[in-house]
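Everything below concerns the one structure shown next.
Numbering starts at 1 and runs along the sequence shown.
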Amino acid sequence: MKKTTFLSVLGAVALLSSAAMAGTLEEVKARGQLNCGVSSGTAGFSAPDAKGVWQGFDVAFCRAVAAAVLGDPMKVEFVPTTGQTRFTALASGEIDLLSRATTWTFSRDTDLKLTFAGTNFYDGQAFMVKKALGVTSAKKLNGATVCIQSGTTTELNLAEYFRSNKMSYEPVPVDSSAEGERQYQAGACDVYTSDGSNLASVRASFKNPEDHLILPEIISKEPLGPVVRQGNEQWADIVHWTLNALLEAEELGVTKSNVDQLAAGSDNPETNRLLGKEDDLGKMLGLDAEWAKRAIAASGNYGEIFADNLGGNTPIRIERGLNALWTKGGLMYAQPFR
């Protein structure tokens, strides 16, 4: 995206954000439904299943917030967004929460007047090619046509990577992951570039995934996480601490199958605080004592959500890597519940 276009988007979203303050706890409760922005269909992250029920890693987080706030993980309206529409949907009040592969950057945090409620997936930009192309390194892509989603950080990353490696390329702009997949498979581009997790999702949907190679180079840092508007600290705190509750639950061994048992009382004071048995932390958020218990019961702790939607037993088969707990060599770390 050209710089002037990007700046115009910043200005438009900032104006909308100053006018739209929907998404407060009271408004979500009054509505009886959480409006959650997700991608327009990315397997493993957010996509309707055969029965039309939304499933995925990002979907599970929306359900955890709905469970914490409304007492029911199914009280969510999922709003599909693209890289170009997601921030407008959030700023205008169409959605209360954006739970869609969105990178935390300086300009988004400041000029767009957004609040990132934490990082729930550490990612990086990568490249996918057909094995038949005979390329095994991104540094051999000089002159390639590249499918790339508009309105994303990948546009600037791509331009900088090719320029620094003295290579040229021809961009093929696409609006969504689904369109990128179609164009790539149709031969409109030699290469598809996106976050590595998105490429793994796309490749898993192919009839012959083994015919496609994700190249080894990771050319950027992409800390992804849930986003809300600036201006309502209570709502931002609820989303932030729901994410922390899922991480803390994994650290403490609290799962969707044992959460009810542990909520009755545990020998571990940390578990008792998390689940509302000691020190009513929910009151500080404007919620009841069992908000975290419900969030965990919705789809499980962070590790369970990752495994169920993205792990080795799914078609996506993403390793935890940086998304492992800090106790297991990763970066995931919950702030203390006290």
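For the 3.5 Å distance criterion, the side chains of Thr85 and Thr88 fail to qualify, holding no donor opposite an acceptor. Residues Glu94 and Ser92 bring no donor and acceptor atom of their side chains to less than 3.5 Å of each other. Ser46 and Arg100 share no side-chain donor-acceptor pair at under 3.5 Å. Looking at Ser177 and Asn198, their side chains do bring a donor and an acceptor atom within 3.5 Å of each other. Between the side chains of Ser299 and Glu304, no donor-acceptor pair of N or O atoms lies under 3.5 Å. Side-chain contact, Thr115 with Gln230: no donor N or O sits under 3.5 Å from an acceptor N or O. Checked by atom type, the side-chain pair Gln33/Asn35 shows a donor-acceptor distance below 3.5 Å. Thr154 and Gln149 share no side-chain donor-acceptor pair at under 3.5 Å. Using a 3.5 Å distance cut-off with no hydrogens or angles, the side chains of Asn232 and Thr24 do not pair a donor with an acceptor.
With hydrogens and angles ignored, the 3.5 Å screen pairs a side-chain donor or acceptor of Asp288 with a backbone N or O of Glu290. Formation of a donor-acceptor pair under 3.5 Å by the Arg273 side chain with backbone atoms of Phe337 is found in this model. Proximity of a side-chain donor or acceptor of Asp49 to a complementary backbone N or O of Lys51 within less than 3.5 Å is detected. The closest donor-acceptor contact from the side chain of Gln183 to the backbone of Cys147 lies at 3.5 Å or more, if one exists at all. Under a 3.5 Å cut-off, the side chain of Ser205 and the backbone N or O of Val202 do form a donor-acceptor pair.
Shortest non-hydrogen contact noted between Ile214 and Ala200 is CD1-N, 3.9 Å.
For Asp109, the side chain to side chain donor-acceptor pair (under 3.5 Å) criterion is met by Trp104, not counting sequence neighbours.
For the atom pair Asn323 CG and Asp123 CG, the distance stands at 7.5 Å (nearest 0.5 Å). Taking CD1 of Ile296 as the reference point, atom CG of Leu252 lies at 8.5 Å (rounded to 0.5 Å).
Aromatic ring orientation, Tyr184 versus His212: tilted (interplanar angle from 30° to 60°). Ring-plane geometry between Tyr333 and Trp326 is classed as tilted, the angle between the planes lying from 30 to 60 degrees on a 0 to 90 degree scale. Ring geometry for Phe306 versus Phe121: interplanar angle under 30°, hence parallel rather than tilted (30 to 60°).
The ring of His240 has its center no closer than 6.0 angstrom to the ring center of Phe116.
Among pairs with a residue in residues 232-253, those fulfilling salt bridge (charged side-chain N to carboxylate O under 4.0 Å, His left out) read Glu250-Arg320, at least two apart in sequence or across chains.
For Gln335, the CD atom sits in a packed shell: over 12 heavy atoms of surrounding residues, nucleotides or ligands are nearer than 6.0 Å.
Salt-bridge annotation for Arg31 and Asp96: present, with a side-chain N of the basic residue lying under 4.0 Å from a carboxylate O of the acidic one.
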